[in-house]
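Read through the structure below, which is laid out as structure tokens, and then see the notes.
Chain A is the first sequence line, chain B the second, and so forth, proteins listed ahead of strands; every chain is numbered from 1. The figures that follow rest on heavy atoms only: side chains count, while hydrogens, waters and symmetry mates do not.
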Amino acid sequence: MERKVQTRREGLPELPNLDDRKPVLRFAPNPNGPLSFGHSRGLVINGEYAKNLDGELILRFDDTDTTVKPPMLEAYDSIPKQQEWLCGFAAHRIVIASERMEHYHEYAYKMLDGQFGYVCTCSAEDFKVHRVGMTECPCRDNSRDLNLERWAKMNDPNEYQPGDAVLRVKTDMTLKNPALRDWPAARIQTNPHPRVGDRWRVWPLLDFQSAVEDYLQGVTHIIRGKDLMDSTRKQTLLYSHFGWKYPETIYWGRVKVHEFGAFSTSQMKKDITAGLFDGWDDPRLPTLSALSRRGIQASALRSFWIELGLTQKDIAVPLSTLYSHNTKQIDPRAPRLAFVRNACPIILTGDLPRSGTIQSHSDTEMLPRQYSIDEGVWIEQEDSGKPLRLKDLCDIDENGNVESIDRSDKRSVVHWVAGGIPSKLTIASGQEIDIVEGILENNSHPVGTIVQLERIGYAIIEDDGLLMVHD
RNA sequence: GCUUGCGUGGUGUAGUGGCCCAUCAUUUCGGGUUUUCAUCCCGGCGACCCGGGUUCGAAUCCCGGCGCGAGCACCA
């Protein structure tokens with residue numbers, strides 16, 4: 001009798017129906033702002049599959065809305081950079097939807113020509129009545145020629161105006177799922193697009209633009225949030241009209257990170273403008289630039305998302321999970337440094353080595369730290385008033401008299417600074433930001449170095465002080 | 001309301017009929033190493049939503065219930 005061996009699956013599950021193909025995956029954010037923590041899941045998962053299976057990752061800007069979520073020009077530069085930082089490689093292709101409008105128009109025309117699409121002049125409210133009541137709207141049976149004529153009117157500034165007409169995909173008004181009934185594919189927008197201005201008047205909606213583009217790019221697998229499940233169903237109906245085969249689709253559930261609360265790109269934009277936050281990399285924000293600034297490693301983000309996997313469960317994870325991944329990445333390389341909060345001077349009397357060196361890291365070969373003591377050292381207010389072991393130096397009594405060079409008993413070990421420079425440690429916790437003044441040990445680590453502040457936690461060196469990474 | 005999806009320890013996750021009195025990680029607790037309350041190592045606690053059914057056998061299949069999420073936009 002053959003026994004199956006119990007094995008635990010590591011990493012991401014296999015891609016379904018891959019056969020011998022190289023997968024083509026895509027991540028399609030709206031460039032209405034820089035990427036945030038939430039985006040990083042799509043980037044990591046799609047990127048990992050592309051990398052591991054020798055496939056391709058397409059970074060696509062779904063920027064066909066100029067009204068509700070207008071594109072932000074800087075995002076076209078920052079997003080590819082952040083994608084490369086996070087994935088560890090640059091996307092194989094970058095597609096900008098607003099520059100591919102002729103394709104969408106071409107297929108819109110084909111839809112009308114093939115009579116599986118129609119121009120609808122019902123108002124949104126009127127159409128809702130048809131959708132809910134499972135009845136067909138008057139525009140639905142218009143002839144091919146009339147539809148083409150109305151399509152021309154949609155594209156003509158002197159004819160239909162925004163709201164007057166939309167392009168719909170003919171599905172079936174009696175479909176069980178109301179979301180699928182003759183869904184809209186394109187509408188009129190007159191707000192100029194920051195990249196292509198007012199060259200186009202009729203813009204595709206996500207479900208149409210994305211579906212056509214996935215076909216044109218040869219996307220094999222779509223991995224996205226399960227909130228887009230109905231999108232798949234709509235697009236599958238469109239694909240069958242065109243006679244195309246829809247890509248394999250995989251979904252993940254909703255993720256909540258308690259500490260991040262509810263942020264949206266547009267809300268952040270508003271709050272930054274209002275001065276509530278310093279910028280997109282304000283350490284309180286869940287943006288990728290803020291996380292990177294705070295010393296969160298791309299590799300930690302990757303292992304974090306890979307560990308969460310691709311289940312459709314809605315989950316809530318604490319930030320401590322991400323931090324534990326990050327600690328594994330940064331600890332082996334983080335030089336130790338002393339930072340004394342609420343510094344309190346203590347004069348040392350007696351014999352002790354007035355200068356010397358201390359290890360920067362017990363496990364690796366790093367240049368040691370040097371110290372030189374004149375009269376005394378700084379210790380934390382909280383530690384003062386009792387016999388102490390000054391770490392790597394000597395035992396003292398509560399008044400600073402040196403009692404022993406070697407460790408003589410179990411008294412508590414504390415960190416200290418000789419000389420040093422006044423500095424501040426910025427700690428972002430949730431929406432709050434705390435600044436702790438203190439004395440930092442002399443050092444020559446460049447800006448951007450992640451250090452471990454002894455007995456406190458990890459921090460990153462910035463131009464004007466320290467920024468807490470996590471403890 | 002209609003549609004659709006999900007329910008394994010505190011939090012995540014593996015598991016597609018017998019390996020499972022259930023995997024791994026994290027959190028927490030205890031211990032060890034360490035002249036840091038860190039890192040590292042060892043150990044403990046702790047779970048298959050409920051009720052039926054199918055089966056020799058169910059976390060795994062079926063039905064019902066309950067709970068939670070998402071969609072029903074001229075946003076993405």
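The phosphate of B:U34 has neither OP1 nor OP2 within less than 4.0 Å of any side-chain N or O from A:R407. OP1 or OP2 of B:U27 has not a single side-chain nitrogen or oxygen of A:S324 nearer than 4.0 Å. At the phosphate of B:G69, neither OP1 nor OP2 sits under 4.0 Å from any side-chain N or O atom of A:K256.
Atom CG of A:D406 is separated from atom P of B:U35 by 12 Å (rounded to the nearest Å). In this structure, A:W203 atom CH2 and B:A76 atom P are separated by 11 Å, rounded to whole Å. Across the protein-nucleic acid pair, A:D227 atom CG and B:U3 atom C1' stand 15 Å apart, rounded to whole Å.
Checked by atom type and distance alone, the side chain of A:Q189 never pairs as donor or acceptor with a backbone atom of A:W203 at under 3.5 Å. The closest donor-acceptor contact from the side chain of A:K153 to the backbone of A:L148 lies at 3.5 Å or more, if one exists at all.
Near RNA chain B, defined here as any heavy-atom distance below 4.0 Å, the residues from residues 384-391 of chain A are A:R389, A:L390, A:K391, listed numerically. Contacts between residues 157-182 of chain A and RNA chain B, defined by a heavy-atom separation below 4.0 Å, involve A:G163, A:V166, A:K176, A:N177, A:P178, A:A179, listed by number.
Residue contacts for A:R233: at a heavy-atom cut-off of 4.0 Å it reaches the sugar-phosphate backbone alone, with no base atom in range. If you check every strand for non-hydrogen atoms under 4.0 Å, A:D392 touches a base. Within the nucleic acid shown, A:C122 comes within 4.0 Å of at least one base atom, counting heavy atoms only. Among the protein residues, A:A316 comes within range of the sugar-phosphate backbone only, with heavy atoms under 4.0 Å from sugar or phosphate atoms but none that close to a base. At a threshold of 4.0 angstrom between heavy atoms, the contacts of A:L206 include nucleobase atoms, whether or not backbone atoms are also involved. Using a 4.0 Å heavy-atom cutoff across all strands shown, A:Q452 reaches at least one base atom of the nucleic acid. Within 4.0 Å (heavy atoms only), A:Y458 reaches sugar-phosphate atoms of the nucleic acid but no base atom. A:S412 comes within contact range of no nucleotide atom at all, as no heavy-atom separation falls under 4.0 Å. Heavy atoms of A:T67 sit nowhere under 4.0 angstrom from any nucleic acid atom. Across all strands shown, A:T311 has heavy atoms under 4.0 Å from sugar-phosphate atoms exclusively, and none from any base.
B:C61 and B:U16 have their P atoms separated by 10 Å, given to the nearest Å. The gap from the C1' atom of B:G31 to that of B:G69 amounts to 42 Å, rounded to the nearest Å. When the C1' atom is compared between B:A25 and B:U13, the two are found 8 Å apart, to the nearest whole Å. Across the C1' atoms, B:G64 and B:U54 are found 15 Å apart, a figure rounded to whole Å. If you take atom C1' in B:G30 and the same atom in B:A14, they sit 27 Å apart, rounded to whole Å. Taking the P atom of each, B:C24 and B:U34 are spaced 29 Å apart, rounded to whole Å. Nucleotides B:G12 and B:U39 place their P atoms 23 Å apart, quoted to the nearest Å. Across the P atoms, B:G15 and B:U33 are found 39 Å apart, a figure rounded to whole Å.
Note on A:R336 versus A:D331: salt bridge recorded, some NZ/NE/NH1/NH2 to OD/OE distance being below 4.0 Å. Using a cut-off of 4.0 Å between Lys/Arg side-chain N and Asp/Glu carboxylate O, A:R369 and A:E454 are scored as salt-bridged. For the pair A:D182 and A:R140, the salt-bridge criterion is met [side-chain N within less than 4.0 Å of a carboxylate O]. Salt bridge annotation for A:D314-A:K226: present, with a cationic side-chain nitrogen under 4.0 angstrom from a carboxylate oxygen. Checked for salt-bridge contact, A:D395 and A:R407 miss the test: no charged N lies under 4.0 Å from a carboxylate O.
When each of A:R168, A:R233, A:K234, A:K170 is checked for a side-chain contact (heavy atoms from CB on, under 4.5 Å) with A:W183, only A:K234 meets the rule. Residue A:L310 is tested with A:W252, A:Y251, A:W305 for a side-chain contact (heavy atoms from CB on, under 4.5 Å); the sole match is A:W252.
In the model, A:Y104 has no side-chain atom that pairs as donor or acceptor with a side-chain atom of A:T64 under 3.5 Å.
Between A:P318 and A:Q189, the residue anchored closer to the 5' end of RNA chain B is A:P318, taking for each the nucleotide with the nearest heavy atom.
Which of B:U23, B:A38, B:U26 sits closest to the side chain of A:R8 comes down to B:U23. Of the candidate nucleotides B:U39, B:G12, B:A76, B:U39 has the atom lying nearest to any side-chain atom of A:T327. Taking the side chain of A:R9 as heavy atoms from C-beta on, and the options B:G71, B:G15, B:C75, the nearest nucleotide is B:G15.
Between A:I250 and A:P16, the shortest heavy-atom distance links the atoms CD1-CD, 3.6 Å.
With hydrogens and angles ignored, no donor-acceptor pair under 3.5 angstrom links the side chain of A:E307 to the base of B:U26.
The salt bridge (Lys or Arg N to Asp or Glu O under 4.0 Å) search around A:D383 returns A:R455, not counting sequence neighbours.
Of all nucleotides present, only B:A70 satisfies the Watson-Crick or G-U wobble test against B:U3, with each distance under 3.5 Å.
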